[in-house]
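Down below is the structure, laid out as C-alpha cells.
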Amino acid sequence: MCFHLKRLILGAAVSSLILTFFQTSKSQTVQPTPSPSSIRLTVTVMSSKRFVTELNQENFQVWVDKDPAKIVGFTNQEVSVSLGVLVDASASMGTLGTRKQSGDLSLIQRALARFFELGNPANDYFLMGFNVKPQLLVDWTSYTASIVDNLGVVKPKGNTALFDACYLAIEKLQRGRHPKRVLLLISDGQDNISRFSFHEVKELLKETGILLYAIDLQSSEYSGTALDLEGEAILSELTTTSGGFSFRISRRQRNADEIFGTVANELRNQFSLEIESRTPTSKKKWHKIKVKLTSQPQGSAIKDLNLRTRAGYYSFSDSN
C-alpha cells in the first residue's frame with residue numbers, strides 16, 4: 001500500500017465514531033504535499049515568570065538554513081485554535097479511573113474543565129482515546145462539557161498504540177477550521193503495539209506544522225524505570241520538534257490544574273508569523289528555522305528570554 005493511499009484511508013477512518021485499524025507496511029516513505037508560498041510559525045516568548053506579549057514584527061528576525069527569511073505576515077493578537085485532546089487509556093497508565101485511585105481521573109477532568117474555561121470561546125475541539133486502537137469519543141465541538149463528561153468513560157486497559165493514535169489525530173487536525181491547530185496529548189509516552197513508528201509521527205509533525213503539547217501523567221508503578229524515562233524522552237522530542245512543550249504531572253504533587261492552566265494561557269499569548277517559503281525543489285527538503293529577537297522588550301533582557309517555535313519545515317514541488 002503506498003503511503004499516499006494509506007493517508008487517504010486514515011482520513012476516512014477518523015470521520016467515523018469508532019476508529020478501526022488496518023494493515024500497513026513499514027518500508028514506505030512520506031509523500032509530502034507541495035509547499036505553500038508562505039510558512040506559518042507560532043512563536044512563544046517567555047521570561048522566567050511570564051509570557052512576553054509586548055513585541056512587534058520589528059522585534060523578530062527569522063533565519064532559515066542560516067539565511068535571513070522575509071516575514072510576510074505577523075500578529076500579536078490572540079487567534080482561535082482547533083484543538084484535539086488525545087487521552088491514553090492503556091494499562092500503562094496504571095490505576096487511573098479505578099476505585100482505588102478514582103481521584104486521578106476526576107483530577108484530570110477538573111483540570112481539563114479549567115483548561116477549557118481559560119481557552120478562547122471560539123476554539124473548537126475533539127476528544128480521542130486510545131489503547132490497542134484509537135477511538136473518537138467526541139467529534140468537533142465547541143461544547144466543552146461533553147468532552148469533560150466523556151473523559152469519564154475512559155477505563156485504562158490493554159496495550160498502547162500511542163504512535164497510531166498520534167498519527168490519526170494529526171490527520172484529523174489537518175481538517176480543523178482554524179489555521180492554528182494543536183494536539184494536547186495526555187499520556188506517559190509508552191508504546192508497545194503501534195503500526196506506525198516514532199519516526200513517522202515525527203515526520204508528520206514536521207510536515208504539517210501542528211503544535212503538540214504533552215501532559216505526561218507519571219505512573220507510580222513505572223516511575224524512575226527505563227520505560228518511564230523512555231516515555232518522557234519520546235514526549236519531549238515530539239513536542240520540541242513541533243514548538244510545543246512536555247509537562248509532567250506528579251501524582252504526589254497533584255499539579256494538574258497548574259499545568260493545564262499554563263498550556264491554556266500559552267495558547268492565548270503567542271505570536272503568529274508568516275515567512276516567505278524557500279523555492280521548492282523536485283525533492284523534499286528540510287529547512288531549519290531559528291527565530292531571534294532584534295531588540296529587547298521593556299523590562300526584560302534578551303538573554304533572559306526563552307523562544308520556542310517549530311524546528312523547521314519541508315519544501316517540495318509537485319512539478320516535473
Side-chain angles (χ1 to χ4, degrees), residues 7 9-21 40 42 77-90 93 96-97 105-131 133-156 161-162 164-187 204-205 208-215 217 239 242 244 247 256-257 259-270 272:
R7 293 182 61 181
I9 292 174
L10 280 170
V14 295
S15 64
S16 62
L17 180 63
I18 303 298
L19 298 176
T20 57
F21 217 72
R40 181 184 298 270
T42 297
Q77 303 298 312
E78 180 187 356
V79 297
S80 303
V81 176
S82 289
L83 187 144
V85 180
L86 182 59
V87 181
D88 190 338
S90 66
M93 297 296 282
L96 178 66
L105 183 58
S106 60
L107 176 77
I108 298 300
Q109 284 181 288
R110 290 196 305 270
L112 193 58
R114 181 59 176 161
F115 171 81
F116 292 138
E117 288 175 4
L118 294 172
N120 188 323
N123 292 350
D124 57 356
Y125 308 89
F126 68 82
L127 172 65
M128 188 181 293
F130 67 95
N131 40 51
K133 64 181 179 181
Q135 180 178 355
L136 184 63
L137 301 174
V138 180
D139 210 342
W140 288 113
T141 183
S142 296
Y143 182 59
T144 57
S146 64
I147 294 181
V148 176
D149 291 343
N150 276 275
L151 189 60
V153 307
V154 174
K155 306 297 181 184
L162 170 65
D164 291 346
C166 286
Y167 202 103
L168 285 164
I170 294 168
E171 285 283 334
K172 184 171 179 64
L173 276 168
Q174 288 184 271
R175 293 184 293 281
R177 65 189 179 97
H178 300 301
K180 184 175 179 179
R181 295 159 185 167
V182 178
L183 181 60
L184 178 63
L185 170 63
I186 304 170
S187 175
L204 190 61
L205 280 172
T208 60
I210 284 172
L211 195 59
L212 173 63
Y213 289 88
I215 308 295
L217 189 62
T239 53
S242 77
F247 300 86
D257 285 350
I259 288 175
F260 276 82
T262 297
V263 177
N265 287 325
E266 178 163 324
L267 293 176
R268 301 194 74 160
N269 290 281
Q270 295 172 313
S272 294

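Bear in mind that the values here come from a model prediction, so they are computed numbers and not experimental data. Just so it is clear, the values below take in all heavy atoms, side chains as well, and ignore hydrogens, waters and symmetry mates.
What you find for Leu185 and Phe130 is that their closest heavy atoms are CD1-CE2, 4.2 Å. Between Leu212 and Ser242, the shortest heavy-atom contact is N-OG, 2.9 Å. Shown here for Ala122 and His178, the closest heavy-atom pair between the two residues is O-NE2, 3.1 Å. Gly119 approaches Tyr125 most closely through the heavy-atom pair CA-OH, 4.4 Å. The two residues Ala256 and Ile108 make their nearest non-hydrogen contact at CB-CD1, 4.5 Å. Between Leu173 and Arg181, the closest heavy-atom pair is O-CD, 3.1 Å.
With rounding to the nearest 0.5 Å, the separation of CZ in Arg175 from CH2 in Trp140 is 9.0 Å. Summarising the geometry, atom CG belonging to Asp149 is positioned 12.0 Å from atom CG belonging to Leu137; distances are rounded to the nearest 0.5 Å. Note that SG of Cys166 and CG of Leu204 are 10.0 Å apart. Values are rounded to the nearest 0.5 Å. Here the NZ-CG distance, from Lys133 to Asn131, works out to 9.0 Å after rounding to the nearest 0.5 Å. In this structure, Glu266 CD and Phe247 CZ are separated by 5.5 Å, a value rounded to the nearest 0.5 Å. With values rounded to the nearest 0.5 angstrom, Met128 atom CE is found 11.5 Å from Ile147 atom CD1.
Residues passing the side-chain contact (heavy atoms from CB on, under 4.5 Å) test with Ala264, sequence neighbours excluded: Phe115, Leu118. The side-chain contact (heavy atoms from CB on, under 4.5 Å) test applied to Asp257 returns Ala111, not counting sequence neighbours. A search for side-chain hydrogen bond (donor to acceptor under 3.5 Å, both in side chains) contacts involving Thr42 returns nothing, not counting sequence neighbours. Residues satisfying the side-chain hydrogen bond (donor to acceptor under 3.5 Å, both in side chains) criterion with Arg114, sequence neighbours excluded, are Glu117. In this view, Ser142 and Asp124, Arg177 satisfy the side-chain contact (heavy atoms from CB on, under 4.5 Å) rule, not counting sequence neighbours. With sequence neighbours excluded, the residues forming a side-chain hydrogen bond (donor to acceptor under 3.5 Å, both in side chains) with Asn120 are Glu78, listed by chain and number.
Using a 4.5 Å heavy-atom threshold, the side chains of Val81 and Lys180 count as touching. Using a 4.5 Å heavy-atom threshold, the side chains of Gln174 and Ile210 count as touching. Between Phe260 and Leu184, the closest side-chain pair of non-hydrogen atoms falls below 4.5 Å. At least one side-chain heavy atom of Leu211 sits less than 4.5 Å from a side-chain heavy atom of Leu267. When side chains are defined from C-beta on, Tyr167 does not count as touching Pro134, because their heavy atoms never get closer than 4.5 Å. Looking at heavy atoms from C-beta onward, Leu83 lies out of side-chain contact with Asn123 at the 4.5 angstrom threshold. Within the 4.5 Å cutoff, no side-chain heavy atoms of Leu86 are placed close to those of Ser187.
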